[in-house]
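Single-structure report; data block below.
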Amino acid sequence: MPERALLAGFEDSTTLDEAGGTFDELEQLADTAGALVVARVIQRKTTPTPDYFIGRGKVRELGELAAGSQAGLVIFNNDLSPLQFRNLERALGVKVIDRTQLILDIFAMRAHSREGKIQVELAQLEYLLPRIVGRGIELSRLGGGIGTRGPGETKLEVDRRRIRSRISSLKDKLKKVECARKTQKKRREKSGIPIIAIVGYTNAGKTSLFNALTREHAFAEDKLFATLDPLSRRIFLPLTGAAMVVDTVGFIRSLPIKLVEAFKSTLEEVNYAHLLVHVVDVSHAECRAQISEVNKIIAMLGATRTPVITAINKTDRLRGGPIPEWLREENETAVEISALYGKNINKLKSVIDEKLASQKTFSGKIVGNDIGDKVSIAGGSI
Ligand code: GDP
Ligand code: MG
């Protein structure tokens, strides 16, 4: 039985910090976390109140809805202060979480690798630490439910000092794991195999394309963040030869900066790539905004100079309708595909192949945006 949940927040949260985003997306996130959204309480207001975030009337409304619908959870679309959390939980008598916690919860579910698990626990603890006020965090917040799920390695300790020492030991572990990963990557680079990273907004069809390109089965489902840890597989291209295709974690609108930092090594795949394939869901109403979100994250990761091929996906959903003009104008190299139905996958493959082959320098080395490779970009290519 999924936990019943209510969504709450401001109608237009885009004017507020990084916590914005639409309620549809929040609902998708909640669904991914295993909750059933029974109602939304949206306030037409743009200034939060310090004590409850939303106004008193809305708090009452939420309380009544929670009782009437047997919801045990209220998910806010905005980030809440420790005081707001406490006041809301007291007033509503149910668990209250915010968008960041919901995302962390999903990350916890999806973390499979050792590194992913460490990163998730670290991010959760760092999120918790400043929220432990006075006599300690409310115990109810550390159960096994949505928003408090751990990656399963250790039980969270309800103590600041312990959390701090756990954080530093996790950081040490992370460094070691990162070292091992870098060695692996070095080896990969030495072998001269170009890396193609599939990036894009969550649910755009990255994993489906990864599967289509590598023709092997990988985990694809209609859920946000179906992949946390990068998957990579080798393919063979006529001109380039062997290449590595990497599936990456989905980007979302206003992914809290703290989480981006915590997951940087996962997203770092983007940095090491010689070529990015940006998968775009052309059938999505917010297609354009999603593209710019993804571009922002690529820029933040320092990969703006890496060549990009745009894969205009889900063209089957357009039912013969035209591809928007701006999409062609703003994307130099674009291929219309359907990852699900395998349309134009071979065409995309040959565009990838040509792009990679054209990046080869005289020495035969692939020029990309590698951290240790930046200088060679000016060296010119064939
Ligand atoms: P990811 O989050 O970017 O990895 O997206 P997935 O590959 O997991 O796909 C998300 C959802 O979109 C799944 O339900 C896919 O079946 C669906 N999907 C992916 N590509 C296409 C496509 O070309 N056409 C249609 N109609 N659906 C697609
Ligand atoms: Mg995926």
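Since the model is a prediction, treat every value here as computed from it, not as a measurement. Order of listing sets the numbers, starting from 1, for every ligand and every atom in it.
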R317 neighbourhood, listing ligand 1 atoms whose heavy-atom distance to it stays under 4.0 Å: 26 (N)
Proximal atoms of ligand 1 relative to S338 (non-hydrogen, under 4.0 Å): 22 (C), 23 (O), 24 (N)
Polar atom proximity, K314 to ligand 1 (N or O, under 3.5 Å): yes
Residue R60 excluded, over 12 heavy atoms near CZ under 6.0 Å: no
Atoms in ligand 1 flagged as close to G205, the criterion being non-hydrogen separation under 4.0 Å: 1 (P), 3 (O), 5 (O), 6 (P), 7 (O), 9 (O), 19 (C)
Any A204 heavy atom less than 4.0 Å to ligand 1: yes
Pair E126-R166, salt bridge (charged side-chain N to carboxylate O under 4.0 Å, His left out): steps then yes or no: CA-CA 10 Å; E126 283 178 337; R166 180 76 187 148; over 6 Å; no
Parallel, tilted or perpendicular: rings of F53 and F76 (30°, 60°): perpendicular
Heteroatom N/O/S of T202 within less than 2.8 Å of the Mg ion (ligand 2): no
From I54 atom CD1 to Q84 atom CD, the distance as rounded to the nearest 0.5 Å: 9.5 Å
Distance, nearest 0.5 Å, that separates NE2 of H278 from OG1 of T306: 13.5 Å
Heteroatom distance test (D247, ligand 1): nitrogen or oxygen, under 3.5 angstrom: no
From CG (N295) to CG (N331), nearest 0.5 Å: 7.5 Å
Test of proximity, I337 against ligand 1: N or O pairs below 3.5 Å: no
Exam field: side chain D353 to backbone L239, donor-acceptor pair closer than 3.5 Å: yes
Considering all heavy atoms, the nearest K349-L237 contact: O-CD2, 4.0 Å
N or O pair under 3.5 Å between L209 and ligand 1: no
Within reach of ligand 1, part of D316 (heavy-atom separation under 4.0 Å): side chain
Mode of N313 contact toward ligand 1 - side chain, backbone, both, neither (heavy atoms, under 4.0 Å): side chain
